[in-house]
Participant: 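Could you have a look at this structure, given as structure tokens, before my questions?
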Amino acid sequence: MSLNHSMETQTKLIARVPAITGRELPEWFQAIDNGPSFLRCDERANWLADEHGLTHGYAAAIVLEHERHRRTRMGFI
């Protein structure tokens, strides 16, 4: 599974996450933070999809957004 999609696709997926999943992004970020300590984004996306019944597209978008927010918090961007 590729975690690479356009920024436009990422933006659209993230905007629909609450309506599609019933959970806001901070809830998903907390699930990732509390989940297994995978090193790779694709492993986290696969876990999120399998554990929470998400499509891989939404799982990947959530993981990428989580990573972006994490880097911003840590001052990497």
Side-chain angles (χ1 to χ4, degrees):
M1 174 186 74
S2 174
L3 294 184
N4 299 319
H5 45 250
S6 72
M7 193 59 173
E8 180 182 358
T9 300
Q10 174 72 9
T11 301
K12 287 179 180 180
L13 287 169
I14 290 301
R16 289 188 296 236
V17 163
I20 296 294
T21 68
R23 295 171 76 178
E24 298 291 330
L25 281 176
E27 294 175 77
W28 287 115
F29 294 171
Q30 186 174 29
I32 292 169
D33 290 339
N34 293 335
S37 297
F38 295 116
L39 296 177
R40 296 177 23 194
C41 287
D42 62 336
E43 292 173 324
R44 277 183 258 147
N46 286 334
W47 170 80
L48 202 59
D50 293 343
E51 185 72 18
H52 296 281
L54 299 174
T55 66
H56 284 283
Y58 281 105
I62 292 167
V63 167
L64 288 174
E65 195 69 12
H66 175 264
E67 190 65 17
R68 187 177 71 82
H69 280 261
R70 186 184 67 79
R71 287 182 179 166
T72 300
R73 285 191 317 264
M74 296 178 75
F76 293 133
I77 294 180

Participant: With sequence neighbours excluded, tell me which residues meet side-chain contact (heavy atoms from CB on, under 4.5 Å) with Ile20.
Facilitator: Arg16, Tyr58
Participant: Quick one: which of Asp42, Leu48, Asn46 gives a side chain to side chain contact (heavy atoms under 4.5 Å, CB included) with Val63?
Facilitator: Leu48
Participant: For Ala59 and Ala45, which heavy atoms make the closest approach, and how far apart are they?
Facilitator: CB-O, 3.4 Å
Participant: Nearest 0.5 Å, what's the CD1-OG1 distance between Ile62 and Thr21?
Facilitator: 5.5 Å
Participant: Can you name the residues that form a side-chain contact (heavy atoms from CB on, under 4.5 Å) with Glu27, not counting sequence neighbours?
Facilitator: Arg23, Glu24
Participant: Do Phe29 and Glu65 make a side-chain contact, defined as non-hydrogen atoms from C-beta onward lying under 4.5 Å apart?
Facilitator: yes
Participant: Give me the atom names and distance for the closest heavy-atom approach of Gly35 to Trp47.
Facilitator: CA-CH2, 3.8 Å
Participant: Under the ring-ring contact (aromatic ring centres under 6.0 Å, His included) rule, what pairs show up with a residue in residues 9-28, not counting sequence neighbours?
Facilitator: Trp28-His52
Participant: Does the Glu67 side chain pair with the main chain of Cys41, one donor and one acceptor, at a distance under 3.5 Å?
Facilitator: no
Participant: Just jot down the side-chain contact (heavy atoms from CB on, under 4.5 Å) partners of Gln30, sequence neighbours excluded, or say none.
Facilitator: Asn34
Participant: Can you list everything that forms a side-chain hydrogen bond (donor to acceptor under 3.5 Å, both in side chains) with Asp33? Sequence neighbours excluded, please.
Facilitator: His66
Participant: Name all residues meeting the side-chain hydrogen bond (donor to acceptor under 3.5 Å, both in side chains) criterion together with Ser6; count only those two or more places apart in sequence or in a different chain, and write none if there are none.
Facilitator: Thr9
